[in-house]
Peer 1: 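Dumping the structure here so I can ask a few things about it.
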Amino acid sequence: MAVSSTDLLLLPSMHAGDDEVPVYESGAEVLAKVQEKWAAAAASRPPPYPAMYSSVFGGIILDPAMMVLPIDDHMVHRGHGVFDTAMILDGALYELDAHLDRFLRSAAAARVGTAPFPREALRRILIQMTAASGCRMGSIRYWLSSGPGDFLLSSRGCPSPAFYGVVIASEYEQCGVDGTGVRAVTATVPMKPPQFATVKNVNYLPNVLSIMDAEDRGAFASVWVDDQGYVAEGPMVNVAFVTPERELVLPAFDKILSGCTAKRMLALAPRLVDAGLLAGVSTRDITAEDAKRSAEMAFVGSGLPVLPVVEWDGKPIGDGKVGKLMPALSDLLWEDMKSGPDRIPVPYKQ
């Protein structure tokens, strides 16, 4: 099984010098052991995952000890699966429909079948899962896999795709409003080719290595630059720039992931044009050389939603301080998250 907490890394108690590995002959023994571990963790903090959905079990799970995946699921051992997310803020799901649309496009590109899970069924499951969790702030994450079946490379032996979802309780707040920016570095890990970069799939090893490299170099995240010298994206974020001419520019989405938050920013940004703060809004190719000469820069993603970047590869962006336009764009997105039209109120039980 796959277990999602560092508190549970060693389910059987194994210490140096132990001669015998425990053998559990029944599911009840395994469940008791896992529940024991979770109970110890829960003594110091609330459960971080208050609800999960599994099509394998056919329902919503509230016991963290049972939030597991089959080891022969092809998403686990072959990476044949896709995922997406949505934020929970003030008891509502934000942009779930936009994320679901991308989720289904990813599934089609990855050749993961969706026949057992029509879009409306997925939407209903995710809303009900969030309601059952009682979580009013955090996020949901959900996966569509080619399913359990065997350990071969092909998924032909998998009887049916599998759908999983989880609620992740977390406190978060709008970034950048305190005038604090972050550092960025150019990625040294090769970026994914467009066929894979444009699909939100579970093959995240380049992303993992890229963020680890950035952290090793004292940065928040790295920025991928393609072979032609054009800016692409970060390992878990899009990037945005305000040029010296006050034009908001995001790299075109033809070779990178189409970020839902980035696209929402593009939809809201014309308000700043109307107010005379921005001169224009566009998506286009932008070289790293030109991008580094920007007046402002930011990472854009669901949980931020806009995080100003004040330094790239050791050199300041603009005057090296958080400017006025990225926080203004952040305000637009944050207000949209709190009261915009793309919120789905969650029907929590009283």
Side-chain angles (χ1 to χ4, degrees), residues 79 81-85 99 102-103 105-106 109-110 141 175-176 181-243 247-266 281-318 326 329-330:
V82 298
F83 78 102
D84 223 298
T85 185
H99 284 274
R102 183 176 65 181
F103 181 63
R105 290 195 302 270
S106 294
R141 195 164 297 180
C175 295
V182 298
R183 299 180 62 241
V185 291
T186 300
T188 58
V189 177
M191 63 183 289
K192 290 180 278 192
Q195 180 179 359
F196 302 120
T198 55
V199 176
K200 199 168 179 68
N201 62 84
V202 300
N203 295 288
Y204 255 46
L205 184 58
N207 309 63
V208 170
L209 295 178
S210 183
I211 195 69
M212 292 176 70
D213 178 56
E215 291 171 347
D216 290 344
R217 295 155 66 188
F220 175 82
S222 57
V223 177
W224 271 308
V225 177
D226 69 19
D227 292 340
Q228 285 73 48
Y230 293 113
V231 177
E233 61 184 339
M236 70 298 193
V237 287
N238 290 103
V239 286
F241 306 94
V242 174
T243 70
E247 179 189 14
L248 175 66
V249 177
L250 274 72
F253 297 122
D254 55 335
K255 298 179 181 179
I256 62 175
L257 188 68
S258 178
C260 294
T261 305
K263 292 174 73 173
R264 189 62 184 152
M265 171 192 271
L266 290 167
V281 178
S282 70
T283 58
R284 58 178 170 84
D285 290 336
I286 181 171
T287 66
E289 183 179 357
D290 287 341
K292 289 180 178 181
R293 288 197 289 264
S294 296
E296 297 184 41
M297 173 181 174
F299 291 127
V300 182
S302 296
L304 300 175
V306 178
L307 179 59
V309 176
V310 295
E311 180 185 304
W312 185 359
D313 286 342
K315 296 182 179 180
I317 296 295
M326 288 304 181
L329 289 162
S330 181

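The model shown is predicted, which means the values in this text are computed figures rather than measured ones.
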Peer 1: With rounding to the nearest 0.5 Å, note down the distance linking OG1 in T243 to CD1 in I286.
Peer 2: 7.5 Å
Peer 1: Name the residue from P190, P251, P206 that meets the side-chain contact (heavy atoms from CB on, under 4.5 Å) definition with W224.
Peer 2: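 Option passing the side-chain contact (heavy atoms from CB on, under 4.5 Å) with W224: P206.
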Peer 1: Going by the rule salt bridge (Lys or Arg N to Asp or Glu O under 4.0 Å), which residues pair with K255 if we only count those two or more places apart in sequence or in a different chain?
Peer 2: none
Peer 1: Taking atom CG of N238 and atom NZ of K263, what is their separation to the nearest 0.5 Å?
Peer 2: 10.5 Å
Peer 1: Sequence neighbours left out, what pairs pass salt bridge (Lys or Arg N to Asp or Glu O under 4.0 Å) with at least one residue falling in residues 207-219?
Peer 2: D213-R217
Peer 1: Give, for atom NE2 of H99 and atom OG of S302, the distance between the pair rounded to the nearest 0.5 Å.
Peer 2: 4.0 Å
Peer 1: Just jot down the side chain to side chain donor-acceptor pair (under 3.5 Å) partners of D290, sequence neighbours excluded, or say none.
Peer 2: T287, R293
Peer 1: List the residues meeting side chain to side chain donor-acceptor pair (under 3.5 Å) with S330, not counting sequence neighbours, and say none if there are none.
Peer 2: Q174
Peer 1: Once salt bridge (Lys or Arg N to Asp or Glu O under 4.0 Å) is applied, do any residues pair with R102, and if so which ones, sequence neighbours excluded?
Peer 2: D84
Peer 1: Which residues pass the ring pair (Phe, Tyr, Trp, His ring centres under 6.0 Å) test with Y204, not counting sequence neighbours?
Peer 2: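 Y204 satisfies ring pair (Phe, Tyr, Trp, His ring centres under 6.0 Å) with F83 once adjacent residues are dropped.
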Peer 1: Would you mind listing every salt bridge (Lys or Arg N to Asp or Glu O under 4.0 Å) that reaches into residues 296-312, with sequence neighbours excluded?
Peer 2: R183-E311
Peer 1: I'd like to check the side chain to side chain donor-acceptor pair (under 3.5 Å) partners of S294; sequence neighbours left out, ordered by chain and number.
Peer 2: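 Listed in chain order: nothing, the list is empty.
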Peer 1: If the condition is ring pair (Phe, Tyr, Trp, His ring centres under 6.0 Å), which residues does F299 pass it with, not counting sequence neighbours?
Peer 2: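 So F299 forms a ring pair (Phe, Tyr, Trp, His ring centres under 6.0 Å) with F220.
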Peer 1: If you count every heavy atom of other residues, nucleotides or ligands that lies below 6.0 Å from Q228 atom CD, does the total exceed 12?
Peer 2: yes
Peer 1: Please list all pairs meeting salt bridge (Lys or Arg N to Asp or Glu O under 4.0 Å) that have one or both residues in residues 224-241, counting only residues at least two apart or in different chains.
Peer 2: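 Those involving residues 224-241 do not exist here.
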Peer 1: Among residues two or more places apart or on two chains, list those pairs meeting side-chain hydrogen bond (donor to acceptor under 3.5 Å, both in side chains) that have a residue in residues 189-199.
Peer 2: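 Found K192-N207.
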Peer 1: What's the spacing between L266 CG and T283 OG1 if we round to 0.5 Å?
Peer 2: 6.5 Å
Peer 1: Atom CD1 of I317 and atom CE of M326: how far apart are they, to the nearest 0.5 Å?
Peer 2: 10.0 Å
Peer 1: Considering non-hydrogen atoms only, spot the tightest contact between C175 and L307 and give its length.
Peer 2: CB-CD1, 3.8 Å
Peer 1: List for me each residue that meets side chain to side chain donor-acceptor pair (under 3.5 Å) alongside T186, sequence neighbours excluded, and say none if there are none.
Peer 2: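 Partners of T186 by the side chain to side chain donor-acceptor pair (under 3.5 Å) criterion, ordered by chain and then number, come out as W312, D313.
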